[in-house]
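The chain is numbered in sequence order, starting from 1.
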Amino acid sequence: MGVAEYVRALLASDKLGPQVRHHRCEPARAAVYAESRLPWPAAIRRTLEERGLSGLYSHQALATDHIRAGHSVVVATPTASGKSLIYNLPVLERHLRDSEARALYLFPLKALAQDQLAGLQRLVSGWPEEARLTAALYDGDTSDHFRRKIRRDPPTVLISNPEMLHLALLPHHEQWAPFLAGLSHIVVDEAHTYRGVFGAHMAGVFRRLNRLAAHYGAMPSYVFCTATVGNPGELAASLSGLDLLPGRQPPVVVDQSGAPQGARHYIFLDPDQSPATAAIDLLRAALARKLRTIVYCRSRRMTELVSLWAGSLSGPWAGRISAYRAGFLPEERRQIEARMASGELLAVVSTSALELGIDMGAVDLVVQVEAPPTVASGLQRIGRGGHQVGAVSRGVVFPKFRGDLVGCAVVSERMADGLIESISFPRNPLDVLAQHVVSMVSMDAWSVPRLAAVVRRCAPFAGLPDSALHAVLDMLSGRYPSEEFGELRARVAAHLRRQNRAPASRMVRGGIGFDLAAKTAMVGEQPLPFTRSEYAISEYLALHAGQTFSKEQIYEAVFGYDGTADDTAVTQHIKNIRAKLRTAGVAAPETVLKTIWGVGYQWKSET
């Protein structure tokens, strides 16, 4: 018994058959292949042949041709159309030509990153060990030891996520200099998730990444991948900002898929009982046929209830059903994913946490309780059924109440016609701007006109008025509109003083001179024999003169966002700095580098 028999039995059922309000089957589509403009290296050809791939689909060939030519692309093709090969093959080819080349892969979910790491390692598993590229995960689960190891010896492919790029890589770019200097490809998967305020934020992050890559002499190509967005070209151009860089062009849109597509069944029921009860009836019928099923619910509460009720009513199948949602621990989610992929679990009841392309193995049926929130979401979810190239996708959608039937019908019609929502960003989100201004001035000295010009190259801030920019700068400098905010600490005041009171490359704080370009400190004309770490701590505190920082804040700001701070190292560096100041003739080093008991350390602000 298979899915086809399941659909026939559902339509013929005395109980559920009369509740079916709509059933549509989209026909299957054959594959369209194309030749690459240039032949692939022999090692890559063998890799494809070993996996039974005689050629590339037309969209894969077109996209890889552009990437190999140094162009950026956005690939907007359906789920299970082979997008991973589109970026993996050019990265592998570049590695064979240049072992110093590096690639950055960004995924919004850790499970996706784990899947892609495993897939990349499988691709090169047959290569001689000395020829294989290296790949590593760099996320919140990476231990301090491995983070330091990755920074010292960057892998060929660094697999991370947007926030680690923002918090751990860009602020401490000096530690990533070899990686950034060799950066050739930036892969942004599930690009449709970069929308709204988060999309505006990431547009700023990518501008900062572009600037640092150029600083280290790199000009990487972007590869954006998505299955469900109505305006892929506009989205990719707004995120990357490539069209505003000298000599760069916006990403090329590749949106005509050549992958085969199996038939897709859409079945809509208007249940006589509650949607949860009807979903459980369908789930039990699927379990009896050993069909792997995902049940999507709109809320965590409904997810847990359906999972609980289904387990209690499914007899011998009770142990093969599990809930899945974002609130689970990473280890729990990975265990569920592995059990589903291996076939140990037959059914998962999930929230939207399983919308994206996490590898769950073969899924035969998708049940959606209540109308999907968007057309894009509906396609992502139904596409999970038969999530292999050419497999058949089948989905059953239950309205939660009578009025929800209209929403189900509208989403179904637009899914069939491919009318996916466009993605847009909010205009001038000042809270996002404030965070990026802090990030920018913590790394470099900026004049207001130059900062304004860079900010306005970011799509969400293209029309930013001067009044809004200066209001943000005033707030960050401690000039608040009301005394109620007087206790808030200024975030960029020290940097603004640096611009206004001293040349950009030099400053004096507490009687100590700092050459910011040469990274040296002096008492009068006498250089201080600071180590690199001692100078970095001194410069950071001097740049923020008058502000107090804890040991943890100093460690993370100077040595990197590692999740833990080495209090002992910071304390020893402070002792060494004071000792060297005293040796250089500073009478009372403790008044220059002050200890604020119970809080932290502060550099004297007077010049």
Side-chain angles (χ1 to χ4, degrees), residues 2-8 11 22-40 44-68 73-90 119 123 189 192 223-230 232 252-267 291-292 357 359-366 375-376 378-396 412-420:
V3 177
E5 187 276 331
Y6 176 89
V7 173
R8 290 194 297 269
L11 297 176
H22 181 69
H23 172 219
R24 177 170 58 216
C25 179
E26 295 180 7
R29 185 176 63 220
V32 179
Y33 294 93
E35 292 291 330
S36 298
R37 296 181 66 180
L38 295 174
W40 292 96
I44 293 179
R45 293 200 302 273
R46 284 195 301 270
T47 296
L48 295 175
E49 290 167 0
E50 288 169 359
R51 281 150 183 78
L53 302 175
S54 56
L56 297 180
Y57 300 131
S58 58
H59 69 284
Q60 291 175 324
L62 177 60
T64 52
D65 283 345
H66 279 293
I67 298 169
R68 296 167 78 189
V73 300
V74 52
V75 183
T77 55
T79 56
S81 57
K83 288 189 283 292
S84 297
L85 278 180
I86 289 174
Y87 50 80
N88 280 333
L89 294 184
L123 272 180
D189 198 22
H192 58 277
V223 182
F224 292 92
C225 295
T226 178
T228 48
V229 62
V252 177
V253 178
V254 177
D255 58 359
Q256 298 301 311
S257 175
Q261 180 175 295
R264 286 191 173 186
H265 290 268
Y266 297 91
I267 303 171
L291 300 179
R292 298 188 187 186
D359 185 9
M360 300 289 286
V363 176
D364 302 304
L365 177 69
V366 174
V375 176
L379 286 172
Q380 287 280 351
R381 296 177 183 190
I382 299 298
R384 298 298 298 168
H387 194 69
Q388 287 78 37
V389 174
V392 178
S393 297
R394 293 175 174 86
V396 183
S412 168
E413 194 70 25
R414 293 179 69 87
M415 286 166 62
D417 295 339
L419 300 176
I420 307 172

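With rounding to the nearest 0.5 Å, the separation of CG in L365 from CD1 in I267 is 8.0 Å. Taking CZ from R292 and CG from D364, the interatomic distance works out to 7.5 Å, rounded to the nearest 0.5 Å. Going from atom CG of L56 over to atom CG of L62 covers 11.5 Å, rounded to the nearest 0.5 Å. Distance check: T226 OG1 to D255 CG gives 11.5 Å after rounding to the nearest 0.5 Å. Residue L89 holds its CG atom at 9.0 Å from CD1 of I67, rounded to the nearest 0.5 Å.
You'll find the side chain of T64 reaches within 4.5 Å of the side chain of W40, heavy atoms only. The shortest side-chain heavy-atom distance between Q60 and V75 does not fall under the 4.5 Å cut-off. When side chains are defined from C-beta on, Q256 does not count as touching V32, because their heavy atoms never get closer than 4.5 Å. Between I86 and V254, every side-chain heavy-atom pair lies at or beyond the 4.5 Å cut-off.
Checked by atom type and distance alone, the side chain of H59 pairs as donor or acceptor with a backbone atom of S81 at under 3.5 Å. Not a single donor-acceptor pair under 3.5 Å links the side chain of R68 to the backbone N or O of S36. With K83 contributing its side chain and A76 its backbone, the two residues share no donor-acceptor pair below 3.5 Å.
Closest approach of A31 and Y57 over heavy atoms only: CB-CE2, 3.9 Å. Across all their heavy atoms, T47 and L123 have their closest contact at CG2-O, 3.2 Å.
The local environment of CZ in R51 is crowded, with over 12 non-hydrogen atoms from other residues, nucleotides or ligands closer than 6.0 Å.
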